[in-house]
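To keep things clear, I will list the structure first and then write my remarks on it.
Just so it is clear, the values below take in all heavy atoms, side chains as well, and ignore hydrogens, waters and symmetry mates. Starting from 1, each residue takes its place in the sequence as its number. Just so you know, ligand 1 is whichever comes first in the structure, and atom 1 is the first atom listed for that ligand.
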Amino acid sequence: MPKPALYVFAISHYCEKARWALDYMDIDYQINYLAPGHHRKIARKLGVKGSSLPILVAGGQVVHGSAEIISWADTAAANEKAHLIPESSAEKCLALEKRIDDILGVHIRRYYYSEALVEHPKSVRPIFTKDLPFLQKLSVGLAWRVICEAMIKGMDLGYEQGQESRRIVEEELDWLDGLLSDGRKFLCGNQFSCADIAAASLLAALATPENHPTYANLQLPPRVAEDMVNWGNRRSVNWVRECYSQYR
Ligand SMILES: N[C@@H](CCC(=O)N[C@@H](CS)C(=O)NCC(=O)O)C(=O)O
């Protein structure tokens, strides 16, 4: 049987979340980097609703979305060392994962792109083309303006929108700092779970861990870089670094 195939954007924090889960569960898979635009054709071909990545194809099954991929990995993995959805605290961990996916993940991305794509699009292109096959790399170069315009419209980017998302990110960081303030090692339960993978991967841009597959070379736009310095000492951001060093 062919290896499971994971379709990703190199830059995407949701894709990193799925990758981390598969790596953590010792699942052997093939990674396929896609260019924006081309990903729609693949999503259509695979018959998923919408076109977002990550998508995993495993033994004829198409698994769409990072949370669904974690859930698939949790049952498919031969490695019994640890489950990412612990039975004893599944409901709580899944609820935390959902909040982190739906709020932090969305707003950190909107804040970053509002600054980077609108004002400094050249800083984004190298990460978008990272590890792409030659022809897709070429097509991103040729269609770069169109891609930027589509992303700006699709995610409703702009200065005001970025500032709104920045405020939401700060509120969510306060919430995470609060959760971690009792010294707990994991966000929920007594083991590393889907909630921890969600928070650490979706916040990785703030912590820029050395062993992150993409963000080591992430060039942040000036206002975002300033925030990263200010937020860098938060309990939650230090906890992300710790998760990367221990579990990634
Ligand atoms: N909640 C979804 C979000 C995935 C998502 O938003 N992916 C973005 C990249 S960060 C994407 O593929 N956007 C392009 C599209 O939707 O066509 C998940 O966890 O998988």
Checklist entry - Side chain, backbone, both or neither: which part of H39 comes within less than 4.0 Å of ligand 1 when only heavy atoms are counted? => result side chain
Next on the checklist: So for ligand 1, is S51 a polar contact partner (N or O within less than 3.5 Å, distance only)?
Outcome noted: yes
Checklist entry - In terms of side-chain geometry, is the basic nitrogen of R235 or D177 positioned less than 4.0 Å from the acidic oxygen of its partner? => result no
Checklist entry - Less than 3.5 Å between some nitrogen or oxygen of L53 and one of ligand 1, yes or no? => result yes
Checklist entry - Can you tell me if CD on E210 sees more than 12 non-hydrogen neighbours from other groups inside 6.0 Å? => result no
Checklist entry - Under 4.0 Å from ligand 1, counting heavy atoms only, is it the side chain of R109, its backbone, both or neither? => result side chain
Item to check | Qualifying residue, where the test is side chain to side chain donor-acceptor pair (under 3.5 Å) with E115 and the options are R166, R223, R110 | outcome: R223
Next on the checklist: Give me the nearest non-hydrogen protein atom to atom 1 (N) of ligand 1 as residue plus atom name, then the distance to 0.1 Å.
Outcome noted: Y14 CE2, 4.2 Å
Checklist entry - Is any side-chain heavy atom of K45 less than 4.5 Å from a side-chain heavy atom of K41? => result no
Checklist entry - Which protein heavy atom lies closest to atom 13 (N) of ligand 1, and at what distance to 0.1 Å? => result F9 CE1, 4.1 Å
Item to check | Neighbour count above 12 (heavy atom, 6.0 Å) for E226 CD | outcome: no
Checklist entry - Are any of the side-chain heavy atoms of T214 and D131 separated by less than 4.5 Å? => result no
Checklist entry - Measuring from the heavy atoms of P54, does anything fall under 4.0 Å of ligand 1? => result yes
Checklist entry - Heavy-atom distance to atom 18 (C) of ligand 1: which of S201, A67, S66 wins? => result S66
Next on the checklist: For D101, is there an ion pair with K17 - N to carboxylate O distance below 4.0 angstrom?
Outcome noted: yes
Item to check | G65 neighbourhood, listing ligand 1 atoms whose heavy-atom distance to it stays under 4.0 Å | outcome: 20 (O)
